[in-house]
Amino acid sequence: MSRKQGRLKARFEQLAAEGRAGLVTFLTAGDPDREMSSAIIEGLPEAGADIIELGMPFTDPMADGPAIQASSIRALNAGQDMKATLAMVKSFREKDDDTPIVLMGYYNPIYIYGVDRFSEDAANAGVDGLIIVDIPPEEDAELREPANKAGIDLVRLTTPTSDEQRLPALMEGASGFIYYVSIAGVTGTKSAASSNVADAITRIQKFSDLPIAVGFGIKTPEQAAEIAKVADAAVVGSAIVQVIADNVANSDGIKDSPDLLKSVLKFVSELAQGVRTARS
Amino acid sequence: MTTSPIEKPNSFKALPDSDGHFGIYGGRYVAETLMPLILSVEKAYDEAQADPAFQAELDDYLKHYVGRPSPLYHARRLSEHLGGAKIYFKRDELNHTGAHKINNTMGQILLARRMGKERIIAETGAGQHGVATATVCALFGMKCVVYMGETDIARQAPNVFRMKLLGAEVIPVTSGSGTLKDAMNEALRDWVSNVDDTYYIIGTAAGPHPYPAMVRNFQKIIGEEVRQQMMEAEGRLPDSLIACIGGGSNAIGLFYDFLDDEDVAIYAVEAAGKGIETGEHAASLSAGAPGVLHGNRTYLLQDDDGQITEAHSISAGLDYPGIGPEHSWLHDSGRVNYVPITDDEALEAFQLCTQLEGIIPALEPSHALAHVGKLAPTLPEDHLLVMNMCGRGDKDVFTVAEALGVTL
Ligand SMILES: Cc1ncc(COP(=O)(O)O)c(C=O)c1O
């Protein structure tokens, strides 16, 4: 397989060289359906996304708020499954071999797929990292080891509840980048004050040299810009997914609005604008 | 049967290990935000367990408030009617609030108080755990929020009103099929958002470590009492034990003390809903596969893609696509026999028990009763069989009326 090593590393190095933070965009694979979802993903790099986070839909997204729950249901109802998600990544890779793709989701669909087979298939498709919400370091060796062996980073999550006692354990075995969940809560609800985020980043940096991406509760280009001043990357999820929801609901309930693709990519480019001008 | 064979352990009572694993089951599969909290619950629980004052306080409330010990009752007419084994009921439906659930909520609320928490959340299916939680919150003057699926709110209306009378806020959950699984998702979302002041009282022997072990330990008094009561009544141990399984707390509560008594046969009854073959059931061991949900690895109803499928049971308390991790391990190890009982079989047993014994059972133990009905006639008259009557049926009269086509 012609897998280029280290897309995540290369991308963060490039961002550092440009002296700016990156924009990480989240959407659920297969939302609202596979074709439209693929079209959105393919348009993301040009709209200004530096890293793509792709949600693997799950029936019981316990750490997600209403927007991402609904996106997961739309995708599952449209027939999305793990094979389809990996196939989407593979076809994206035929056109773009640079933009890192990180799969995000819950452990059970991976466990059922089989961790070894999943790691190989994901690496072959062109996946660079995994963020698995419900598998803390205490339990993650069974996934981390095969994933790392296949060349995939398992991104560790840190949160406002990760104190200096807990942080060292979180950093051991971490690779790719560190994801700072900036609020204690589910996705798409509260937003953190950027001063608190800055403090947390300083705390994490005591224990790790990895780049730090900050997510949860970033909804507007202005908020993304605030975070981009202090973090290596800002992650936006629910707000993007909400644009999809709005354009699905605006139609007759079955057909998507003709503006769906355009609206999503327009919002992403506004976010990118915010992130890119944050430090100037 | 889907079993990965397990070597016979020296004791069936030695688990979980220090990380909360029962073989490959159990563990702590939660969001990182919750990890420090879960570790602090574990630490507080370990300290409480080591503190005689904690156990003394719990014992005092169990005796004077809950009404323990619950009687062990020889069900003569049912035994005669079925012909065969001598049937005993462990009367946990006589506990305050009408089910075994309060054994656990009493223990956990004392722990929450020790931890200095002010706000309690819980999930509930049948509403029995919700009522038991709301009750102890009223007793100690603590704020109580109960998550309950919409479907369950409709079929357990009396319990919803009881919770509200007790001062709890009942939050309807509309996601999924509006049952116990969805209520648990929502409770976990609440907890992750309120880590500082909130304690989550999980209602069954499932969830992330230390809950499965902790809930078991608060419920194992059921079996410990049975051992002593049976010695007094018959001068020997029972020959078999039967209990129904939702998440598995009343069952493990009855079984645990007997796990190493090899001559005691143990049966746990899963809800087979409209029949395993219809796909509409809640029999995670009979028809599920190991997976990860709600903080633990355990048998789950799921599809080939690892998506959780909806459970079905006439009994709200059994309507859950998973099971506590210790049961998954006891299943694989072969120590406990897990058997299915359908909605219709449970309804029939419900009526039989009511008519012969003057005891209206909850629909949950009606499943266990139905299996008693199958098993007892095959056994000799000196066979001592204990069934856990873990809840009373007042809450279910509307559901049963509807199922029997009676308009109230
Ligand atoms: C009376 C009764 N029995 C049994 C159950 C099932 O739970 P478990 O398997 O934890 O005992 C419930 C749950 O609500 C219940 O109310």
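Values below: all heavy atoms of this structure, side chains included; hydrogens, waters and symmetry mates excluded. Numbers restart at 1 for each chain; the letters A, B, ... are given by sequence-line order, proteins then strands. Quantities reported herein were computed from a predicted structural model and do not represent experimental measurements.
For D196(B), no part lies under 4.5 angstrom from a heavy atom of chain A. With a 4.5 angstrom heavy-atom cutoff, P66(A) does not touch chain B via any of its atoms. Residue I132(A) does not touch chain B at all, counting heavy-atom pairs closer than 4.5 Å. Neither the backbone nor the side chain of Y113(A) comes within contact range of chain B, judged by heavy atoms closer than 4.5 Å. Neither the backbone nor the side chain of I110(A) comes within less than 4.5 Å of any heavy atom in chain B. When heavy atoms are compared at a cutoff of 4.5 Å, D163(A) does not approach chain B at all. Using a 4.5 Å cut-off between heavy atoms, L293(B) touches chain A through its side chain atoms alone. Only the backbone of Q80(A) comes within less than 4.5 Å of a heavy atom in chain B; its side chain stays farther off. Heavy-atom distances place the side chain of Q69(A), and not its backbone, under 4.5 Å from chain B. For chain A, no part of L37(B) is nearby; none of its heavy atoms comes within less than 4.5 Å. H294(B) touches chain A through backbone and side chain together, each having a heavy atom under 4.5 Å away.
The shortest distance between side-chain heavy atoms of T198(B) and Y200(B) does not fall below 4.5 Å. Side-chain contact between N296(B) and V292(B) is absent, with no heavy atoms from C-beta onward closer than 4.5 Å. Inter-residue side-chain proximity for I178(A) and M171(A) is flagged as met; some heavy-atom pair is nearer than 4.5 Å.
Note on I135(A), V133(A), T59(A): by heavy-atom pairs under 4.5 Å with chain B, the leading option is T59(A). Interface remark: of the candidates M82(A), K190(A), R166(A), R166(A) forms the most heavy-atom pairs closer than 4.5 Å to chain B. The choice from V30(B), D190(B), L188(B), D19(B) that makes the most heavy-atom pairs within less than 4.5 Å of chain A is V30(B). For the set A70(A), A63(A), P109(A), the entry with the most heavy-atom pairs within less than 4.5 Å of chain B is P109(A).
Between D134(A) and R28(B), none of the side-chain N atoms (NZ, or NE/NH1/NH2) sits under 4.0 Å from a carboxylate O, so this pair counts as no salt bridge. Taking the charged nitrogens against the carboxylate oxygens, K143(B) and E118(B) have no contact shorter than 4.0 Å, which rules out a salt bridge. The pair D197(B)-K117(B) does not count as a salt bridge, with every side-chain nitrogen at least 4.0 angstrom from each carboxylate oxygen.
Note: Y199(B) and Y211(B) have tilted aromatic rings, judged against thresholds of 30 and 60 degrees for the angle between ring planes.
Test I131(A), T158(A), T159(A) against Y179(A) for side-chain contact (heavy atoms from CB on, under 4.5 Å) and you get one pass: I131(A).
Remark: R297(B) qualifies as a cation-pi partner of Y111(A) under the 6.0 Å distance and 45° angle criteria applied to the six-membered ring. The side-chain tip of R203(A) does not point at the ring of F207(A) from less than 6.0 angstrom away and within 45° of straight on.
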